[in-house]
Amino acid sequence: MKETMNQFLEAQGIDPRQYIALVKAFLTSDMRGLHYTKATGTQAKHVISPLFFVVGQCLTLSAIASLVLFMRVEVFFFSFVNLSLGMIVIATTVLVEFQEVVLNPRDLEILGPRPIAPRTYAAARFTNMLFYVVLMFLALTIQPAIVGMGLRDTGLGYGPAYLVAAFTGSSATVCLVILSLAAIGNSETLEGWKTIFAWTQIVLILVAGYGAQMMFRDKLSRFELWGAFPPDWIVYLPSTWLARFVEQASVAPTQATFLIGGLLLLFSAICLCATVAVVGRLYKTMQPLTVTIRNRPMGEAHIGGLAFGLGHRLSKGPEERAGFWLCGRLLWRDGNLRMRSLLPFSMPLAVTVLGIFTHQFANPMREHDPALVTLPILAVYLIGLGVPHMIYNLTFNEDHHAAWLLRCAPMMRPVGLGLGVCKAVMLWVITPTCICLAGVAAWVWQDPWAALLHAVLAWTFAWGMALAALWLAVPDLPFSCPPDRGGSSGPVMVTVALSCVAMSFGALHYLFASEIWFWVVAFAVMIAATIPLRQKARNRFQRLVGGTL
């Protein structure tokens, strides 16, 4: 067997000895050093590496989707949902781990001086990538393939057809992502997005979990009706084509069905061969990285300011400018801090997506059915409730040893440091989120003014929550404490109190959203509340720095 494999590799221009050694080295090193460390909280040194958590998340996601849809939908929609989830997760996995699993430029530091043929390196790297893709593929495919065989309208052809469809969709997705990344090249913007894509599985699990609860409680079975009579645009999705193939093979297979299955496998083989060739060509073009240093002296008028003009205008005084700059810089640089801080904002996203797909995202200014308006109202106030969590987490930082610079600085307004952080959060996180909420609500409701009112209300409520966090939640100056393991949610009583405030506003919102006086009073109360909250925050920061009131 070994001799046969060696002969096959040599026929392809691959050195068997180098190939085996490289595959073992890649699997050993890449198995523990993944981007998913930022989404799983585990490191390479831990006994259970991030890879096991990612595979567990894939199993959880496929199990939730399969068991929730079982005996509730037909074979087409069952296959469509699971195939779509598999393709999305596979795509994000390859995208996140491309530089580690597919093509790592750091390999050149070790392999560059050695006589390794491009075909050998490409084959080893591709084998390494297939190892991870096969793990994800099995975790996402086994349960739908088994559970789907128990559906009412499935026959003996369902299992093989689903495996063929899943293999075709996964391989085509992998090849498309690799070819696209090879064409784009290295990109700092793409590196920043990888950390966000690493949370795709967790966000999908949240959406699936909350969606299942809403589906079980929905007496009108809106989700099942949507699956039975899907919209026209679903026809253009590749997962729809594959699901139709599975449906045909399950219900009434013909000779054409077997022909289509063979063509799908042939298409997958062509894609894989083309991708191997591209990876081999990329290895030929790998060059040592060179760093060029360019000195640009800062003008005297810009010293102590901010490079971003709008941030300079928003920040009043040196303390706010320092907090604003530190917040933006550390969030961009520290992936763990960024993910820990942004995690609560997956809740309004999940609620919005769930409401839209279950047709339970109605305009609270026109509808009064709680089943239709609960989710949009929750989305408004969940945005604000995520701010105290984020402000609290911005107290902690891996580089907290440098916080003595803040304590020794001559700060005339210590609270300005916290206000600068709050303004950075409002500018970079809350404002884009509210704009997206306004756009989505305007599209769903066909009422731009109502959507704009809800987005502005969410923004105003979030600003009040930010000031409340400076007063009640932050334990010290921003970025001055070591990371708090297991305590990233903040003080429990503060969270409960702020949640009660949000629930009270939400109840009034549900009862009186159609009345114009509600909006006038709501905005007036939130704006007026910022005055005492700002004063309380000022007193709090004076005590933190040991000053006098």
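Please read these numbers as outputs of a predicted model, since none were measured by experiment.
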Quiz item: Within the distance-only criterion (no hydrogens, no angle test), does the side chain of Trp443 pair as donor or acceptor with the backbone N or O of Ala438 below 3.5 angstrom?
Solution: no
Quiz prompt | Pairwise side-chain contact, Tyr19 with Val23, heavy-atom cut-off 4.5 Å (strictly under) | solution = yes
Practice problem: Please report the shortest heavy-atom distance between Ala450 and Asn363, naming the atom on each side. | Solution: CB-ND2, 3.4 Å
Self-check item: Interatomic distance, Gln248 atom CD to Thr254 atom OG1 [nearest 0.5 angstrom]
Solution: 5.0 Å
Practice problem: Name all residues meeting the side-chain contact (heavy atoms from CB on, under 4.5 Å) criterion together with Leu457; count only those two or more places apart in sequence or in a different chain, and write none if there are none. | Solution: Val380, Tyr381, His509, Trp519, Ala522, Phe523, Met526
Quiz item: Counting only heavy atoms not in Phe518, do more than 12 fall under 6.0 Å of its CZ?
Solution: yes
Self-check item: Distance-minimising heavy-atom pair for Val246 and Ser250
Solution: O-OG, 2.7 Å
Distance-only check: which donor-acceptor pairs under 3.5 Å involve side-chain atoms of residues 62-70, not counting sequence neighbours?
unit_1	atom_1	unit_2	atom_2	d
Ser62	OG	Cys58	O	3.2
Ser62	OG	Leu59	O	3.1
Ser62	OG	Ala139	O	3.1
Ser62	OG	Gln143	NE2	2.7
Ser66	OG	Ser62	O	2.8
Ser66	OG	Asn82	OD1	3.4

Quiz item: Do the side chains of Leu264 and Leu242 get nearer than 4.5 Å, heavy atoms only?
Solution: yes
Quiz item: Any sub-3.5 Å donor-acceptor pair from Thr240's side-chain atoms to Tyr236's backbone N or O?
Solution: no
Quiz prompt | Nearest heavy atoms of Val351 and Ala379, plus distance in Å | solution = CG1-N, 4.2 Å
Practice problem: Not counting sequence neighbours, which residues clear side-chain contact (heavy atoms from CB on, under 4.5 Å) with Ile20? List them please. | Solution: Met5, Lys24
Quiz item: Quick one: are Pro376 and His454 in side-chain contact, heavy atoms under 4.5 Å?
Solution: no
Quiz item: Using the ring of each side chain (for Trp, its six-membered ring), is Phe137 parallel, tilted or perpendicular to Phe167, with breaks at 30° and 60°?
Solution: perpendicular
Quiz item: So, do Val89 and Met136 sit near enough that their side-chain heavy atoms are less than 4.5 Å apart?
Solution: no
Quiz item: Can you tell me how far the OG1 atom of Thr168 sits from the CG atom of Leu265, to the nearest 0.5 Å?
Solution: 5.5 Å
Quiz item: So, His389 side chain and Leu385 main chain: donor-acceptor pair closer than 3.5 Å or not?
Solution: no
Self-check item: Gln255, CD atom: more than 12 neighbouring heavy atoms under 6.0 Å
Solution: no
Quiz item: Looking at side-chain heavy atoms only, is the closest gap between Thr141 and Tyr162 below 4.5 Å?
Solution: yes
Quiz item: Taking C-beta and beyond as the side chain, do Leu266 and Ile270 meet within less than 4.5 Å on heavy atoms?
Solution: yes
Practice problem: Taking all heavy atoms of Ala362 and all of Pro364, pick out the closest pair and write down the distance. | Solution: O-CD, 3.2 Å
Exercise. Check for a donor-acceptor pair, side chain of Tyr510 on one end and backbone N or O of His368 on the other, with a separation under 3.5 Å.
Key: yes
Quiz prompt | All salt bridge (charged side-chain N to carboxylate O under 4.0 Å, His left out) counterparts of Glu74, not counting sequence neighbours | solution = none
Quiz item: At what distance, to the nearest 0.5 angstrom, does CG of Leu437 lie from CG of Leu382?
Solution: 11.0 Å
Quiz item: Side-chain contact, heavy-atom cut-off 4.5 Å: Phe245 with Ser79?
Solution: no
Self-check item: pair Ser84-Phe80: side-chain heavy atoms closer than 4.5 Å
Solution: yes
Quiz prompt | Shortest non-hydrogen contact from Ala451 toward Ala442 | solution = CB-N, 3.3 Å
Quiz item: Counting distance only, does the side-chain N/O of Ser341 pair as donor-acceptor with the main-chain N or O of Asn393 below 3.5 Å?
Solution: no
Exercise. Give the C-alpha distance, both sets of side-chain angles, the deciding distance and a yes or no for side-chain contact (heavy atoms from CB on, under 4.5 Å) between Phe345 and Ile430.
Key: CA-CA 9 Å; Phe345 295 99; Ile430 301 303; 3.5 Å; yes
Practice problem: Name all residues meeting the side-chain contact (heavy atoms from CB on, under 4.5 Å) criterion together with Leu452; count only those two or more places apart in sequence or in a different chain, and write none if there are none. | Solution: Trp449, Val456
Quiz item: Taking it one step at a time, do Leu140 and Leu85 satisfy side-chain contact (heavy atoms from CB on, under 4.5 Å)?
Solution: CA-CA 8 Å; Leu140 292 166; Leu85 288 176; 5.8 Å; no
Quiz prompt | Partners meeting side-chain contact (heavy atoms from CB on, under 4.5 Å) with Thr431 (sequence neighbours left out) | solution = Ile435, Trp459
Quiz item: To the nearest 0.5 Å, what is the distance between CG (Leu331) and CE (Met390)?
Solution: 4.5 Å
Quiz item: If you look at every heavy atom in Pro388 and Leu498, which pair is closest and at what distance?
Solution: CG-CD1, 3.5 Å
Quiz item: How long is the gap from CG on Leu375 to NE2 on His359, to the nearest 0.5 Å?
Solution: 13.0 Å
Quiz prompt | Audit row: Asp447, Met365, side-chain contact (heavy atoms from CB on, under 4.5 Å) steps and yes/no | solution = CA-CA 10 Å; Asp447 189 347; Met365 299 180 70; 5.6 Å; no
Practice problem: Can you measure from CE (Met426) to OG1 (Thr433) and round to the nearest 0.5 angstrom? | Solution: 10.0 Å
